[in-house]
Amino acid sequence: MTAGTGAAVRIDVVSIFPTYFDGLTLSLLGKAQSTGILDLSVRDLRDWTSDRHRTVDDTPYGGGAGMVMKPEPWGLALDELTSTTPPHSGERPTIIFPSPAGEVFTQATARDLSTREHLIFGCGRYEGIDERVFEYASSLGEVRLLSLGDYVLNGGEVATMAMIEAIGRLIPGVVGNPESLVEESHEDGLLEYPSYTKPSMWRDRAVPDVLLSGNHKLIATWRRDQQLERTRTRRPDLLDDAS
Ligand code: ADE
């Protein structure tokens with residue numbers, strides 16, 4: 001608990017590769033954990049197995065390539081993690097399974113999830129998790145299957161890292177200067193304008209004159225035009241969404 005920010009946001013991650021998440025102890029999210037804004041735990045799914053080989057996968061019913069994650073360890077993991085959801089508001093935990101078959105994770109998703117008290121990420125591997133786990137999980141919390149984009153990763157770990165970073169930086173107090181969150185790509189549905197710093201001339205390339213003019217109104221108009229132009233050429237789909 002930190003003065004003025006209320007209770008920590010709790011994030012639990014379940015994975016068979018917990019060391020993937022060592023990077024989350026660095027930088028702003030690492031600091032948020034040491035100051036108590038963020039309560040992050042990474043757990044090994046194999047700790048909820050009971051056989052000698054700590055088995056988490058088996059062959060698919062109906063045949064086909066690859067292996068499927070068994071439901072039993074997931075059930076026990078979810079039972080344990082949801083039974084300790086912080087009780088401040090009676091909010092149910094949000095249980096996220098990264099999946100290329102999920103809805104696309106966007107800045108709006110990150111904003112929504114940054115307001116939750118308890119997020120649980122379940123990282124699938126192999127050909128995925130037994131479908132009954134998702135049904136069971138919805139009896140314990142709000143289940144979201146979320147995709148990073150239209151490509152396939154080897155498992156949910158990298159997607160979970162990306163989502164935790166996008167969500168975590170929106171939790172109040174994580175980013176020191178909250179104004180830096182306002183003028184970013186995707187916050188207003190457009191791509192960010194270009195940025196420059198000193199020197200004003202570098203390898204025969206000049207900083208646009210308008211940025212040296214001191215005329216704030218002109219600078220704001222130029223930046224907006226740059227945002228629109230970049231979005232039109234690089235991401236026209238975003239302009240379609242806005243209209
Ligand atoms: N797991 C594998 N591919 C993924 C993707 N594109 N997004 C989220 N999780 C995934």
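Each ligand, and each atom within it, is numbered from 1 in the order the structure gives. Along the sequence shown, residues are numbered consecutively beginning with 1. Reckoned from all heavy atoms, side chains included, excluding hydrogens, waters and symmetry mates.
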So which protein heavy atom does [atom] come closest to, and at what separation?
atom	answer
atom 6 (N) of ligand 1	Tyr151 O, 2.7 Å
atom 9 (N) of ligand 1	Ser99 N, 3.2 Å
atom 7 (N) of ligand 1	Leu148 N, 2.9 Å
atom 10 (C) of ligand 1	Pro100 CD, 3.5 Å
atom 3 (N) of ligand 1	Leu153 N, 3.0 Å

Problem - Pro98: numbered ligand 1 atoms lying under 4.0 Å from its heavy atoms - result: 8 (C), 9 (N)
Exercise for the section: Give the atoms of ligand 1, by number and element, whose distance to some non-hydrogen atom of Ser147 is under 4.0 Å. Expected result: 6 (N), 7 (N), 8 (C)
Problem - Result of checking Val42, Asp47, Leu81 against Val14 for side chain to side chain contact (heavy atoms under 4.5 Å, CB included) - result: Leu81
Take atom [atom1] of [X] as the centre, draw a 6.0 Å sphere, and report whether it contains more than 12 heavy atoms from other residues, nucleotides or ligands.
X	atom1	answer
Arg132	CZ	no
Asp22	CG	yes
Asn177	CG	yes
Asp150	CG	no
Gln107	CD	yes

Purely on distance, is any nitrogen or oxygen of [X] under 3.5 Å from one on ligand 1?
X	value
Gly149	yes
Asn154	no
Leu146	no
Gly156	no

Handout entry: Check: Thr109/Arg144 side-chain N/O donor and acceptor closer than 3.5 Å
Key = no
Problem - Electrostatic pair Glu192-Arg230, nearest N-O below 4.0 angstrom - result: no
Completion exercise
Counting heavy atoms under 4.0 Å, the part of Ala159 that contacts ligand 1 is side chain
Exercise for the section: Determine, using the 4.5 Å side-chain heavy-atom cutoff (strictly less than), whether Trp202 and Leu211 are members of one ILVMFWY cluster. Expected result: no
Exercise for the section: Tell me, please: is Gly102 in heavy-atom contact with ligand 1, that is, under 4.0 Å? Expected result: no
